[in-house]
Amino acid sequence: MTAGDSSDASGNGVTVSNVANPSITSATYNAASGELVVTGTDFLKLGGVANDIDVSKFSFTGEGDLAGSYTLTTATDVEITSDNEFRLTLTGVDRNAVNLRLNAAGTDALDGTLYNLAAADDWATGADAVLNVADLTGNGITVSNAVGPSITSATYDATTGILVVTGNNIQDNSSGADIDVTKLTLSGEGGLSHTLSGSLSAVRNSATQFTVELSPADRAVINPFMNKNGTTATSGTLYNLVAADDWNIPVTAGDSSDVSNGVAVSNVAIPTITSATYNATSGELVVTGTDFLKLAGLANDIDVSKFSFTGEGGTGASYTLTTSTDVEITSNNEFRLTLSGTDRDAVNLRLNLAGTDALDGTLYNLAAGDDWAAGADAALDVSDLTSNGITVSNVAGPSITSATYDVTNGILVVTGNNIQDNASGADIDVTRLTLSGEGGLSYTLSGSLSAVRNSATQFTVELSPADRAVINPFMNKNGTTATSGTLYNLVAADDWNIPVTAGDSSDVSNGVAVSNVAIPTITSATYNAASGELVVTGTDFLKLGGVANDIDVSKFSFTGEGGPGASYTLTTSTDVEITSNNEFRLTLSGADRLAVNQRLNVAGTDASDGTLYNLSAADDWAAGADSVLNVSDLTGNGITVSNVVVQPSITEVFIGLFNAAPGKANLMPLSNVVTNAGWTLAQISDYLGSHPLFSHEIMAGQVTDDQQIDVILSHFGINSSSGAVYTDAKAFIQDRLASGATFGTIVYDMVTFLLGNPPADFADTAALLRNKALVANIYSEHDSSSDLPVLQSILDGGDCAATFNSS
């Protein structure tokens, strides 16, 4: 039937039966997009928009159940797309939570848990509310594009060593550790980096965070380059955390490495110094402290110019380094530097005793001025000025390296090292200093006019006059060696530097450079004609190594009676030593004494003819002087003579020439010549020596000098068997003859010599002459003869031991 309108829009109830309960069979989940596609049967509609499915009824089971499945909280209800499908896209908290559980592609989680989507009652809002449509099990989920764990940022507390890492999808490892800290690398100052070697703990707090408490070893490496609060280091380098693949232990699929994650650093401690050790021998300073920091670059972590040392002399004498080089820290609690040059010398001066305090009791301290830790934040004041004790070892005792000695002013300047100051008194004990020179001669100072420590490397001694008088003679040549080639040397006995008593500070070999050695000069002399002793006074007399050789007596000439033309040079006397720096003595012997007494014939300073006595010293007379110098001293050396022998008589001269008594007939006329004509006995002697009686009788047949000399000597009881007496007397006569003297003059000189205080060798000869004179005088008082043999016979039979008498 088609005609008409047969519609019937209402009032026609329908009774529905066998409506099936909606059920879920499976689901797929794209972890990358968050889309969940749910498949099932008999899905139902509910009037309205986006309300067919109540998503708050859905719970996801996966990885470890994480102490319970996760129920959606933020997702929005959706419509079904058909009676067997609906779709929703998870976001925010829901997506993060679900991704945490659905953490592996496929149907089960990393820990093997089968994925399941549980739908609580009323999930299908279109279903009869009185019905229980819950569908809790058997609803597997197939996951695709599972998202691995990732890191977004981190914080690091340098004080506690706590690293807090924020990220996503950080998975739990139900069977063990969640985080492999050895896959984590922190970097900071200048790109310096360190991969963690371990930790005290590593805890996954949530899917978005884990916490690592670094081990002390790792903190010791990392803290120095995490050197400034904030996200950048002192040099501007960004802090960063790199995570190598598989850092989240349960996640091995795919590549979970993450190379760029900023780190915010906090509580960076200010570096401090606690103590130091110093090896005074090597100059190595080892500084210990806390929280030392790095700075990008080489040898620049520590600015050594900021360090000051306090020791000997207190804070007022502190020294700040100037020549040493900046260094790196060796760890977060140590750095080392080796002092050099001026720094080392200055520090050693202050750190002058092993231990913790100086010789004067000052505690050692290392003060660090601001910015000493170059890696620290420049805005902070990191100065550390007090309570930084230094323990010193291997302190080098004071030592001497060399010296100079100025002979003219007696100044000894000694150079060395670590010469210490004695705040309470003298610095140098000069009695422990010994100088040596010519031939190894040495002398230990007995005192000084002054001894001053000028610095740690020098002291000066002004020698006393007494010490100079001993030392100057063997410091006999300018330079470093004495005349004989001996090296000058200064020996210092232990404890010469008074404040230093620890250890042995003795120092036995130190060269001395000598300057201003004066040329020795003679000023005057005295001569004892009776003993033959000559005492010469002068200045700056010198020593020569050896015995009896300081003075070369062959260089001395005597001027007196007869003037310069009759000067006599010593030939038989022996070289001598000086007795001091201004005196030497010698005793003339033999021919020398005879000849000198002839010229120095009157007590006082001039001879009988008015000639001033003079001692002339030819070059090299001072054997200790530098041989290249001319030390001759020829004039102005007056001699004061004493104990001149009493003038001989005519009788003694007559005996010497004729070996006879003069007899009254000869003695009276000769005496009258002396008395009336003013002749001297020397003139009488010269007259008799030229008399024909002497030449024709005494010297008859004696044609050679030796024959004639022997005749004269025989008159004095001297012959070839008389030994040294014969040799000396003959040499004297030969010398006098060579100088042009007559036998008369020679006999006069010999008699004068014997009547004085002759050497012991001539004692018998002198005694014989006196005995003969006694007899001759007795005879000549009463008797006489013109016959020479008769006059000679008067003296027959006598000798030096038996005195003649009148009978």
Exercise. Are Leu534 and Phe556 side-chain neighbours, meaning at least one heavy-atom pair lies under 4.5 Å?
Worked result: no
Exercise. Is any side-chain heavy atom of Asn659 less than 4.5 Å from a side-chain heavy atom of Leu795?
Worked result: yes
Exercise. Which pairs count as ring-ring contact (aromatic ring centres under 6.0 Å, His included) when at least one residue sits in residues 769-788, sequence neighbours excluded?
Worked result: none
For this session: Decide yes or no on ring-ring contact (aromatic ring centres under 6.0 Å, His included) for Tyr613 and Tyr527, but give the supporting numbers first.
Result: CA-CA 10 Å; Tyr613 299 139; Tyr527 178 65; 9.0 Å; no
Exercise. Do you know which of Thr431, Leu412, Thr460, Val430 makes side chain to side chain contact (heavy atoms under 4.5 Å, CB included) with Ser448?
Worked result: Val430
For this session: For Leu612 and Asp606, work out which heavy atoms get closest and say how close.
Result: CA-CB, 3.9 Å
For this session: Find out whether Thr651 and Pro662 are in side-chain contact, i.e. whether some heavy atom of one side chain is under 4.5 Å from a heavy atom of the other.
Result: yes
For this session: List for me each residue that meets salt bridge (Lys or Arg N to Asp or Glu O under 4.0 Å) alongside Arg453, sequence neighbours excluded, and say none if there are none.
Result: none
Exercise. What salt bridge (Lys or Arg N to Asp or Glu O under 4.0 Å) pairs are there with at least one residue in residues 508-534, not counting sequence neighbours?
Worked result: Glu533-Arg585
Exercise. For the residue pair His691 and Tyr687, does the interplanar ring angle fall in the parallel (under 30°), tilted (30 to 60°) or perpendicular (over 60°) class?
Worked result: perpendicular
Exercise. Aromatic rings Phe584 and Phe541: how do their planes relate, parallel, tilted or perpendicular, breaks at 30° and 60°?
Worked result: tilted
For this session: Quick one: which residue pairs count as a side-chain hydrogen bond (donor to acceptor under 3.5 Å, both in side chains) with a foot in residues 536-553, not counting sequence neighbours?
Result: Thr521-Thr539, Lys543-Asp550, Lys543-Glu577, Asp552-Ser554
Exercise. Sequence neighbours excluded, which residues qualify as side chain to side chain donor-acceptor pair (under 3.5 Å) partners of Ser505?
Worked result: Asp494
Exercise. Do Asp735 and Thr571 touch side chain to side chain, with heavy atoms closer than 4.5 Å?
Worked result: no
Problem set entry | Residues Ser399 and Asp507: side-chain donor-acceptor under 3.5 angstrom | no
Exercise. Do Ile428 and Asn497 come within less than 4.5 Å of each other through their side chains, counting heavy atoms only?
Worked result: yes
Exercise. How about Thr704 and Gln707: does a side-chain donor come under 3.5 Å of a side-chain acceptor?
Worked result: yes
Exercise. Considering residues at least two apart in sequence or located in another chain, which fulfil the side chain to side chain donor-acceptor pair (under 3.5 Å) criterion with Asn630?
Worked result: Ser632
Exercise. Regarding Tyr748 and Asp686, is there a side-chain donor-to-acceptor distance under 3.5 Å anywhere?
Worked result: no
For this session: Please determine which of Ile718, Asp764, Leu713 meets the side chain to side chain contact (heavy atoms under 4.5 Å, CB included) test together with Val725.
Result: Ile718
Exercise. So, do Tyr488 and Tyr405 sit near enough that their side-chain heavy atoms are less than 4.5 Å apart?
Worked result: no
Exercise. Is the closest side-chain heavy-atom distance between Leu544 and Glu438 below 4.5 Å?
Worked result: yes
Problem set entry | Leu768 side chain near Phe716 side chain, heavy-atom distance below 4.5 Å | no
